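Since the model is a prediction, treat every value here as computed from it, not as a measurement. What's counted below: heavy atoms across the whole structure, side chains too, no hydrogens, waters or symmetry copies. Residue numbering restarts at 1 for every chain, and letters A, B, ... go by the order of the sequence lines.
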Amino acid sequence: CVIIIDEAHERTLHTDILFGLIKDIARFRSDLKVLVASATLDTERFSCFFDDAPVFRIPGRRFPVDIFYTKVRLYLNPCVLVCEEIEACCELLQERCRRLGSKIAELLVLPIYANLPSDMQAKIFNPTPPGARKVVVATNIAETSLTIDGIIYVIDPGFCKQKSYNARTGMESLIVTPCSRASANQRAGRAGRVAAGKCFRLYTAWAYKHEMEETTVPEIQRTNLGNVVLLLKSLGINDLIHFDFMDPPPHETLVLALEQLYALGALNHLGELTKLGRRMAELPVDPMLSKMILASEQYKCSEEVLTIAAMLSVNNSIFYRPKDKVVHADNARMNFVVPGGDHLVLLNVYNQWVESGYSTQWCYENFIQFRSMRRARDVRDQLEGLMDRIEVEVVSCQGDSVPVRKAVTAGYFYHTARLSKGGYKTVKHQQTVYVHPNSSLFEEQPRWLIYHELVFTTKEFMRQVIEIESGWLLEVAPHYYKSKELEDSSSKKMPRKQGKTKEELG
DNA sequence: CTCTCCCT
């Protein structure tokens, strides 16, 4: 039996988990052969992790790429770095071309990024007309995920946008950071696929050598580990603090994940998986989402909650808002607003799309991204298929929003915010947070809110919020909230302290 | 008063 782990250098969350599991299994399976394939040269790390496994070097078939550095660090126009980098950069280039007029040959400027509608993505593959040149302005989608034929020159600004996770506050953010040398080399390599090429790095040779990290920080060290911990527990791995990770995640991240799973009732006070936890682990989604789906059984609204879970899983890419049609797009979006909050708006969008017969035209007319809807439908189908296994009957609450909001509360009570004089504060950490301006509740400002996620961009924003009543918190999580902590007159609103230490839970 | 690196 042979297991191959390909693209190991990408160090995704899942390959890293696989490393740990396979190393463990290989110890008592002498018939098992493991082959780890990596495109980078840091083979020693992999070899060392797998008990000094032998290394084979397979030469690649690539053309040479000349690399040029600048004398000083060059930055793209600052506005390009601050917001909507790809679109802004395209506009900048096009404006320069207009000013040069007939002095230069025609230059096609084309953007590419994952959330760009597919028909616009397809343009980068069209053959360039004779005499013209093509510039593709890309995110790191072009670094790994797709290959564009005929690229001879690469310009590398030396930055990337990376997700980072703060386990103390449970907040994630996208931060522009210098990329690693491995990433820079991957980018340069894109110039040498069809012929000898050139790569222009907008930074100095010194910066490359001394300032950049050798490799990118693996995803496992900068993400929420809730579902990883639940998965490992369900596989019978109890001592996560001592699990053999190639690069262990921050201790606080593991502790927070354990703490949240305990609060959700997925783990008992010994850190063992409960019956509820076992059912939660059957669903390939984050623990809170999983708990929300399981709670929908009690409130007889699984039909609606499955849709909401699916819509929440396609991150913020449902509504299409092109720059030149902002007013139209915002009007279209307003037409979907229903009372109660964003989850119910998403439910409304999905249901109307179902009524349209899953129509592409309907999406186009309503400024909805078809690709995201199709993805939501796939996720929903997959989740619905698992309902049997976790013994949840698929039923509808027929338009009543209370059961739906209670089910959301049952999964997300950890994400409660309360309106006070200074604005919203999280109940857990008394952290000041803001309703995202895209939210349907942006102007309403209800007293009690549950947020789906907390993201830092220009401020600490709650994205996807739903209005709740404080009494529901007691109903769905009596073990977590005590009634007097929710009284309006009380000045301190703290959840009950959890007496479990990491040792007990780990 | 926003603003999306990538994938499951």
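When the side-chain nitrogen and oxygen atoms of T12(A) are compared with OP1 and OP2 of dC6(B), none of them lie within a distance under 4.0 Å. Not one side-chain nitrogen or oxygen of K163(A) sits closer than 4.0 Å to the OP1 or OP2 atom of dT4(B). For T457(A), no side-chain nitrogen or oxygen approaches OP1 or OP2 of dT2(B) to under 4.0 Å. Put simply, T458(A) has a side-chain N or O that comes within less than 4.0 Å of OP1 or OP2 on dC3(B).
Distance, L231(A) CG to dT8(B) C1': 13 Å, rounded to whole Å. The distance from atom CD1 of I318(A) to atom P of dT4(B) is 16 Å, rounded to the nearest whole Å. Atom NE2 of H14(A) is separated from atom C1' of dC7(B) by 8 Å (rounded to the nearest Å). Distance, R380(A) CZ to dT8(B) P: 23 Å, rounded to whole Å. Rounded to whole Å, the distance from CD on E143(A) to P on dC7(B) is 12 Å. When the C1' atom of dC3(B) is taken as reference, atom CD1 of I175(A) falls 16 Å away, rounded to whole Å. Across the protein-nucleic acid pair, Y434(A) atom OH and dC3(B) atom P stand 14 Å apart, rounded to whole Å. L454(A) places its CG atom 17 Å from the P atom of dT2(B), with the value rounded to the nearest Å.
Of the candidate nucleotides dC6(B), dT8(B), dC3(B), dT8(B) has the atom nearest to the side chain of R375(A). Closest to the side chain of H436(A), out of dC1(B), dT4(B), dT2(B), is dT2(B). For A114(A), counting side-chain heavy atoms from C-beta on, the closest listed nucleotide (dC1(B), dC6(B), dT2(B)) is dC6(B). Relative to the side chain of F461(A), the nucleotides dC1(B), dT2(B), dC6(B) differ in distance, and dT2(B) lies closest. Listed nucleotides dT8(B), dT2(B), dC6(B) differ in distance to P437(A); the shortest reach to its side chain belongs to dT2(B).
No salt bridge links R45(A) with E214(A); every basic N to acidic carboxylate O contact stays at or beyond 4.0 Å. Salt bridge annotation for R181(A)-E211(A): absent, with no cationic side-chain nitrogen under 4.0 angstrom from a carboxylate oxygen.
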Taking it one step at a time, do Y451(A) and D342(A) satisfy side chain to side chain donor-acceptor pair (under 3.5 Å)? CA-CA 9 Å; Y451(A) 57 87; D342(A) 301 316; over 6 Å; no

N/O donor to acceptor pairs below 3.5 angstrom from side-chain atoms of residues 453-463 of chain A, sequence neighbours left out:
none

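Checked by distance alone, R463(A) brings no side-chain donor or acceptor within 3.5 Å of a matching partner on the base of dT2(B).
Relative to the ring axis of F68(A), K198(A) does not place its NZ or CZ within 45° and under 6.0 Å from the centre.
Between V314(A) and N140(A), it is N140(A) whose nearest contact on DNA chain B lies nearer the 5' terminus.
With sequence neighbours excluded, the residues satisfying side-chain contact (heavy atoms from CB on, under 4.5 Å) with H328(A) are K325(A), F367(A).
No engagement by S317(A) is indicated, since no non-hydrogen atom pair under 4.0 Å with the nucleic acid exists. Y113(A) comes within 4.0 angstrom of sugar-phosphate atoms only, judged by non-hydrogen atoms across all strands, and of no base.
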